[in-house]
Asker: 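Structure below; questions to follow.
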Amino acid sequence: MDNFFHRVYKIVAKIPKGKVATYGQIASILGHPKGARTVGWAMQSAPSHLNLPCHRVVNRLGEMAPEHIFGDKRYQQALLEIEGVTFKEDGCIDMKKHQWIMDDEEFL
DNA sequence: CATTTGACTTTGA
DNA sequence: TTCAAAGCCAAAT
């Protein structure tokens with residue numbers, strides 16, 4: 001059974017405020033180092049009732065999801081800014097400072 | 001069952 | 001960091 005999706009939701013729900021995680025990072029944690037795309041697919045299929053902070057999940061470049069996900073990139077960017085995430089002039093997140101580093105305790 | 005598509009990553013230049 | 005090409009995974013057609 002595809003616990004993978006459930007895992008993804010679990011991880012995403014654990015992303016601390018003001019931090020962001022990459023698809024590949026989450027996939028790697030779950031044991032699918034090459035399943036970055038699958039994580040994205042999980043997000044696409046992510047039910048709303050889980051209240052997943054998908055705005056904290058970005059690609060490795062710090063770029064946010066396309067417009068057709070939230071409606072506008074600025075929306076996701078605004079949410080992250082509110083949480084304390086800083087953006088560069090390019091509109092990308094400063095991954096070096098805000099990339100979420102998982103603690104051993106988080107690995108449940 | 002084969003092909004295409006997609007919220008991606010990695011490697012090399 | 002950016003450009004181009006290949007790779008990998010799951011769902012849709």
Side-chain angles (χ1 to χ4, degrees):
Chain A
M1 63 193 210
D2 34 48
N3 288 24
F4 185 72
F5 281 42
H6 192 250
R7 300 283 185 178
V8 173
Y9 304 145
K10 204 79 177 270
I11 297 293
V12 173
K14 288 180 177 185
I15 300 175
K17 195 175 180 187
K19 294 261 180 167
V20 294
T22 65
Y23 299 98
Q25 181 178 2
I26 295 171
S28 181
I29 292 169
L30 300 179
H32 286 256
K34 310 302 182 186
R37 305 199 65 118
T38 311
V39 175
W41 195 260
M43 293 282 96
Q44 183 182 47
S45 187
S48 307
H49 63 79
L50 295 176
N51 291 330
L52 294 179
C54 41
H55 56 268
R56 294 181 191 153
V57 182
V58 296
N59 59 19
R60 71 178 185 87
L61 301 175
E63 281 274 349
M64 51 221 89
E67 306 80 70
H68 61 268
I69 303 297
F70 288 89
D72 281 318
K73 285 185 186 171
R74 298 163 305 177
Y75 176 64
Q76 182 177 5
Q77 183 173 343
L79 288 174
L80 291 169
E81 285 183 325
I82 290 169
E83 297 192 347
V85 176
T86 58
F87 283 75
K88 299 194 305 182
E89 299 79 12
D90 301 59
C92 301
I93 299 173
D94 201 336
M95 299 300 292
K96 201 72 177 197
K97 298 175 181 171
H98 293 291
Q99 186 166 15
W100 177 41
I101 300 175
M102 211 179 186
D103 296 332
D104 300 338
E105 308 173 21
E106 304 279 4
F107 200 105
L108 181 55

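Reckoned from all heavy atoms, side chains included, excluding hydrogens, waters and symmetry mates. Just so we're on the same page: letters track the sequence lines, and every chain starts at 1.
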Asker: Looking at Arg74(A) and Asp72(A), is there a salt bridge between them, counting it only when a charged N and a carboxylate O are closer than 4.0 Å?
Answerer: yes

Asker: Just to verify, which of Ile69(A), Val57(A), Val58(A) counts as forming a side-chain contact (heavy atoms from CB on, under 4.5 Å) with Gln76(A)?
Answerer: Val58(A)

Asker: What range of DNA chain B does chain A touch, first nucleotide to last, counting atoms under 4.0 Å from its heavy atoms?
Answerer: dG6(B) to dT10(B)

Asker: Rounded to the nearest Å, what distance is computed from the CZ atom of residue Phe4(A) to the C1' atom of nucleotide dA11(C)?
Answerer: 13 Å

Asker: Taking the six-membered ring for Trp, are Tyr75(A) and Phe70(A) parallel (under 30°), tilted (30 to 60°) or perpendicular (over 60°)?
Answerer: tilted

Asker: Against Glu83(A), only a single residue in Lys19(A), His55(A), His98(A) fulfils side-chain contact (heavy atoms from CB on, under 4.5 Å); can you say which?
Answerer: His55(A)

Asker: Nearest-nucleotide wise, let me know which of His32(A) and Asp90(A) is further upstream toward the 5' end of DNA chain C.
Answerer: Asp90(A)

Asker: As an exercise, state the distance from CE of Met64(A) to CZ of Arg56(A), rounded to the nearest 0.5 Å.
Answerer: 15.0 Å

Asker: How many angstroms lie between CD1 in Ile26(A) and NZ in Lys10(A), if you round to the nearest 0.5 Å?
Answerer: 14.5 Å

Asker: What is the distance from CD of Glu89(A) to C1' of dT2(C), rounded to the nearest Å?
Answerer: 16 Å

Asker: Thr38(A) versus Tyr23(A): any side-chain heavy-atom pair under 4.5 Å?
Answerer: no

Asker: List in numerical order all residues of residues 35-56 of chain A for which some heavy atom is under 4.0 Å away from an atom belonging to DNA chain C.
Answerer: Arg37(A), Thr38(A), Trp41(A)

Asker: Distance check needed: dC3(C) C1' versus Arg60(A) CZ, whole Å only.
Answerer: 11 Å

Asker: How many Å lie between CE on Met95(A) and C1' on dT1(C), as a whole number?
Answerer: 14 Å

Asker: Can you measure Lys88(A) atom NZ to dT2(C) atom C1' for me and round it to whole angstrom units?
Answerer: 12 Å

Asker: Tell which nucleotide pairs with dA13(B), taking only Watson-Crick or G-U wobble pairs whose two distances are both under 3.5 angstrom.
Answerer: dT2(C)

Asker: After noting the C-alpha distance and the side-chain angles of Met102(A) and Ile11(A), does the key distance pass the side chain to side chain contact (heavy atoms under 4.5 Å, CB included) rule?
Answerer: CA-CA 9 Å; Met102(A) 211 179 186; Ile11(A) 297 293; 3.4 Å; yes

Asker: Could you state the CG-C1' distance from Leu30(A) to dC8(C), rounded to the nearest angstrom?
Answerer: 15 Å

